[in-house]
Amino acid sequence: MSARKKACRPLKTAGHCDEYPFNTAKQGPGWGDGNFSVKKIVGIENTNDGRQLQIFYSRYRVLVPDGTTRLDGDKYWVSVTGPPPQNP
């Protein structure tokens, strides 16, 4: 069982499990060293976030690791520019 599935299992009772770094990144829970975080979020937010990430990959032609042909993928930098949104 992947690190991501193990970490998300307790959160699956309600909502979705989201992870950072992204699971599609080499540092993500499906690839990395276990240094990641997970949080339960609303399902539609997780779906929209995944869609935006795929748009980013496509727009900037970022190749993500796939385990066979692109073992490392492309390097990119994530910059957080502001406080996290406040939950109501």
Side-chain angles (χ1 to χ4, degrees):
M1 179 179 292
S2 73
R4 175 182 177 235
K5 287 183 180 179
K6 286 179 187 176
C8 288
R9 191 181 320 161
L11 301 177
K12 283 300 216 182
T13 55
H16 283 204
C17 178
D18 200 13
E19 62 281 332
Y20 189 85
F22 319 118
N23 193 52
T24 52
K26 184 135 184 203
Q27 293 81 15
W31 295 85
D33 61 3
N35 188 18
F36 62 91
S37 65
V38 294
K39 184 176 181 179
K40 182 171 59 173
I41 65 171
V42 176
I44 191 69
E45 291 177 11
N46 194 29
T47 300
N48 289 338
D49 181 50
R51 192 172 291 126
Q52 291 299 315
L53 183 58
Q54 291 305 317
I55 289 169
F56 165 77
Y57 288 155
S58 178
R59 180 177 294 155
Y60 297 103
R61 299 179 179 175
V62 175
L63 300 175
V64 297
D66 67 6
T68 55
T69 58
R70 294 184 305 266
L71 298 177
D72 292 326
D74 289 332
K75 293 181 180 183
Y76 59 91
W77 183 262
V78 175
S79 178
V80 178
T81 59
Q86 297 299 313
N87 292 333

Fill in the blank from the handout: Those residues at least two apart in sequence (or on a different chain) that pass salt bridge (charged side-chain N to carboxylate O under 4.0 Å, His left out) with D72 are K26
Exercise for the section: Report the residues that fulfil ring pair (Phe, Tyr, Trp, His ring centres under 6.0 Å) with Y20, sequence neighbours left out, ordered by chain and then residue number. Expected result: F22
Fill in the blank from the handout: Rounded to the nearest 0.5 angstrom, the CD-OG1 distance for Q52 and T47 is 12.0 Å
Exercise for the section: Can you see which heavy atom on V64 is nearest to which on R70, and at what distance? Expected result: O-NE, 3.1 Å
Exercise for the section: Give the minimum heavy-atom separation between W31 and L71, together with the two atoms involved. Expected result: CZ3-O, 4.3 Å
Exercise for the section: Could you tell me the separation between the SG atom of C17 and the NZ atom of K39, rounded to the nearest 0.5 Å? Expected result: 11.5 Å
Fill in the blank from the handout: Here the pair of heavy atoms bringing A25 nearest to Y76 is CB-OH, 3.7 Å
Exercise for the section: Give, for atom CG of D49 and atom CD of Q54, the distance between the pair rounded to the nearest 0.5 Å. Expected result: 10.5 Å
Problem - Backbone of V62 reached by a side-chain donor or acceptor of D74 within 3.5 Å - result: no
Problem - Heavy atoms of other groups near D66 CG, more than 12 under 6.0 Å - result: yes
Completion exercise
Smallest heavy-atom separation, P21 atom then P29 atom, equals O-CD, 3.5 Å
Practice task
Mind checking side-chain hydrogen bond (donor to acceptor under 3.5 Å, both in side chains) for R59 and listing every partner two or more places apart, or none if nothing turns up?
Solution key: none
Practice task
May I ask whether L53 and V78 are part of the same hydrophobic cluster, defined by side-chain heavy atoms of I, L, V, M, F, W, Y residues being less than 4.5 angstrom apart, directly or through others?
Solution key: yes
Exercise for the section: Would you sort out whether V38 and E19 count as a side-chain contact (heavy atoms from CB on, under 4.5 Å), showing the intermediate values? Expected result: CA-CA 4 Å; V38 294; E19 62 281 332; 3.9 Å; yes
